[in-house]
Structure formats: structure tokens, C-alpha cells
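Residue numbers run from 1 in the order of the sequence given. Both ligands and their constituent atoms are indexed starting at 1 by order of listing.
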Amino acid sequence: MIRMKDIVREGHPVLRETAQEVKMPPSQEDIRILKEMQQFLANSQDPELSEKYNLRAGVGLAAPQINISKRMIAVRLEEEDGKEYCYSLINPKIISHSVEKSYLTAGEGCLSVDRDVPGYVLRHARITLKGYDIDREREVKLRLKGMPAIVFQHELDHLNGIMFYDHIDKDNPFKAPEGAIPIDR
Ligand code: UDB
Ligand code: ZN
């Protein structure tokens, strides 16, 4: 079981590396790790387990955050409208994106960052993403907008050594370009 102590924090060099592609087909070990990552998210969203083990309620996790420099991400998110996004992906890749930007009005945090970093993180408003889905055992193509698009971009960034605060404007952290879509969640 993955616990908070297994999650590396900012300052650890693995968070700044470019993660390695996973050789296909994935090994049983890679599949086991990715399932553990998805299980961490499920546990962290369970009120009893999160309290018992002191877990921050996570919506996404990338393998480098558990010190494994491989291109694997888990996302577990329920939208207000009840739509569920539960994906465990290998070698995810954005194949197209909108020019239009969006951002969370509350800013972003990170399971690997134990402090508040205020400011808007501008991301693509809409993305199309491909990746090998270990649950469905096939390549999937996802068209995303809103909060799910934000979460997948945050996790993809971890595979490229990018932290959310790299995107915050130093001089004017709450500057939103004209036309960018605010997300209130
Ligand atoms: C998170 N959770 O899991 F707007 F229902 C964050 C933490 C760091 C606060 C635990 C989160 O944003 N939950 C959330 C937000 C909502 C509505 C809701 C739940 N991450 C994942 C992470 O660090 N992955 O590497 C940070 C998110 C910030 C934006 C996308 C991911
Ligand atoms: Zn993060």
C-alpha cells in the first residue's frame, strides 16, 4: 500500500527528470505498480482510510512521485455532474489541444508539495490524449475539458519534470489572459 511517506517531495531530483517510456507490452511489475497508484487514489478518497492512514485526498498521481521514473499515471476524479474519470495509463500523450486556455480559480496544489503556492496555472482548455489503458487492456483516446483536462495535464507534466508552479507568472501570479476560461470547482 502506498502511503504519504512513499510520495517524494519537491527538491527530490526524480521530480525534475524526464520519465522513461514503458516498453510494450508492459511487464507484470509495471502493471502492479500502476494498480497500486490507482489504489492509493481510491484509499485517499475513502473517508475512513484517509483518516486512518493520514492520506491527502488525491485525484491524480504520476509514477515519478513514488520515485519511479516511468511514463505511467493514475487519475481518479468524479465530476459534480456524476461523470467519473478513472484511468491508469501507460505512455500517455497529448495528441492535440485547444489554443484556448483555462485555469482553476483556486489555483493548484500537489501531493509532492507541502506548501501553498498561490496563482493561476494556465493550461489548455481542451486536450485529446492517447495512452495504453491497463484496465481496458487497449489504447484509449480521451477528449477532455474542464477539471479532467486540468488533472491529466498536471500528471503529464510530472512525466516531463514540470511542477505546477513553473506555470505561475512570477510578477503577476493572478494574471489571466483575455479569453481564458476560469474553472470554479
Ligand atoms: C491532488 N487534489 O490530488 F477542485 F473534488 C490535489 C491535492 C494535492 C490537493 C491532494 C485536488 O485538487 N482535489 C480536488 C480538487 C477539486 C475538486 C475535487 C478534488 N493533486 C494531484 C497531484 O498532485 N498529482 O500529481 C493536485 C491537483 C491540482 C490540479 C490537478 C491535480
Ligand atoms: Zn502533482
Side-chain angles (χ1 to χ4, degrees), residues 2-19 33-34 36-47 49-51 53-90 92 94 97 101-127 129 131 142 144-168 173-174 176 180-185:
I2 296 171
R3 308 255 240 125
M4 293 308 293
K5 65 162 171 55
D6 303 310
I7 295 179
V8 301
R9 306 305 154 92
E10 55 177 335
H12 194 297
V14 74
L15 293 175
R16 289 308 193 175
E17 289 171 15
T18 301
I33 291 163
L34 190 44
E36 280 271 316
M37 289 164 54
Q38 185 61 243
Q39 190 60 50
F40 167 81
L41 298 178
N43 294 347
S44 77
Q45 291 178 20
D46 178 302
L49 290 174
S50 71
E51 175 163 308
Y53 295 109
N54 248 292
L55 309 175
R56 289 176 80 190
V59 291
L61 186 68
Q65 293 182 278
I66 53 166
N67 201 11
I68 294 172
S69 195
K70 291 190 177 187
R71 305 189 79 82
M72 306 197 290
I73 64 169
V75 169
R76 190 181 190 91
L77 174 71
E78 198 180 325
E79 287 238 90
E80 292 134 341
D81 62 9
K83 257 201 197 172
E84 282 182 50
Y85 295 84
C86 187
Y87 288 94
S88 305
L89 300 183
I90 290 177
I94 292 174
H97 63 77
K101 300 292 176 93
S102 72
Y103 59 95
L104 297 178
T105 54
E108 295 189 13
C110 181
L111 290 162
S112 296
V113 178
D114 292 324
R115 62 190 172 109
D116 260 14
V117 187
Y120 295 152
V121 178
L122 287 153
R123 299 195 180 275
H124 306 301
R126 294 172 300 282
I127 57 171
L129 177 140
L142 306 174
L144 305 163
K145 59 181 165 60
M147 182 69 182
I150 302 273
V151 178
F152 278 89
Q153 286 174 80
H154 178 113
E155 303 318 326
L156 265 270
D157 269 355
H158 280 305
L159 305 184
N160 296 320
I162 298 166
M163 301 295 285
F164 73 92
Y165 45 75
D166 299 343
H167 297 289
I168 299 175
F174 293 100
I181 305 170
I183 301 173
D184 276 328
R185 273 203 83 167

Which atoms of ligand 1 are found less than 4.0 Å from any heavy atom of [X]?
{"X": "A57", "value": "2 (N), 3 (O), 10 (C)"}
{"X": "E155", "value": "21 (C), 22 (C), 24 (N), 25 (O)"}
{"X": "G58", "value": "3 (O)"}
{"X": "H158", "value": "25 (O)"}

Any donor and acceptor pair, going by atom type alone, linking the side chain of [X] with main-chain N or O of [Y] inside 3.5 Å?
{"X": "E17", "Y": "G161", "answer": "no"}
{"X": "R71", "Y": "L159", "answer": "yes"}
{"X": "E51", "Y": "P47", "answer": "no"}
{"X": "R3", "Y": "N54", "answer": "no"}
{"X": "S44", "Y": "G58", "answer": "yes"}
{"X": "R115", "Y": "V113", "answer": "no"}

Nearest-contact summary for [atom] - protein heavy atom, Å:
{"atom": "atom 15 (C) of ligand 1", "answer": "M147 CE, 3.7 Å"}
{"atom": "atom 27 (C) of ligand 1", "answer": "G109 O, 4.0 Å"}
{"atom": "atom 20 (N) of ligand 1", "answer": "V59 CG2, 4.1 Å"}

Exercise. Where's the contact between H154 and ligand 1, heavy-atom distance under 4.0 Å: side chain, backbone, both or neither?
Worked result: side chain
Exercise. Mind checking whether G60 has an N or O less than 3.5 Å away from an N or O of ligand 1?
Worked result: yes
Problem set entry | Heteroatom distance test (L111, ligand 1): nitrogen or oxygen, under 3.5 angstrom | yes
Seminar exercise, completed: Closest heavy-atom approach to atom 25 (O) of ligand 1 among Q45, Q65, R56 is made by Q65
For this session: Counting heavy atoms only, name the option from R185, E108, M163, R123 that's nearest to atom 29 (C) of ligand 1.
Result: E108
Seminar exercise, completed: The side-chain contact (heavy atoms from CB on, under 4.5 Å) partners of K70 (sequence neighbours excluded) come to V22, D30, I68, M72
For this session: Output all residues satisfying side-chain contact (heavy atoms from CB on, under 4.5 Å) with V8, sequence neighbours left out; order by chain, then residue number.
Result: H12, V14, L15, N67
Output a table of donor-acceptor pairs, distance under 3.5 Å, between side-chain atoms of residues 81-90 and any protein atom two or more places apart or on a different chain; print 'none' if there are none.
unit_1, atom_1, unit_2, atom_2, d
D81, OD1, K83, N, 3.0
S88, OG, Q38, NE2, 3.1

Exercise. Do the ring planes of Y103 and Y120 sit parallel (below 30°), tilted (30 to 60°) or perpendicular (above 60°)?
Worked result: tilted
Exercise. In total, how many protein N/O/S atoms does one find closer than 2.8 Å to the Zn ion (ligand 2)?
Worked result: 3
For this session: Please say whether more than 12 non-hydrogen atoms of neighbouring residues, nucleotides or ligands are located less than 6.0 Å from CG in D116.
Result: no
Exercise. What's the spacing between F164 CZ and H158 NE2 if we round to 0.5 Å?
Worked result: 8.5 Å
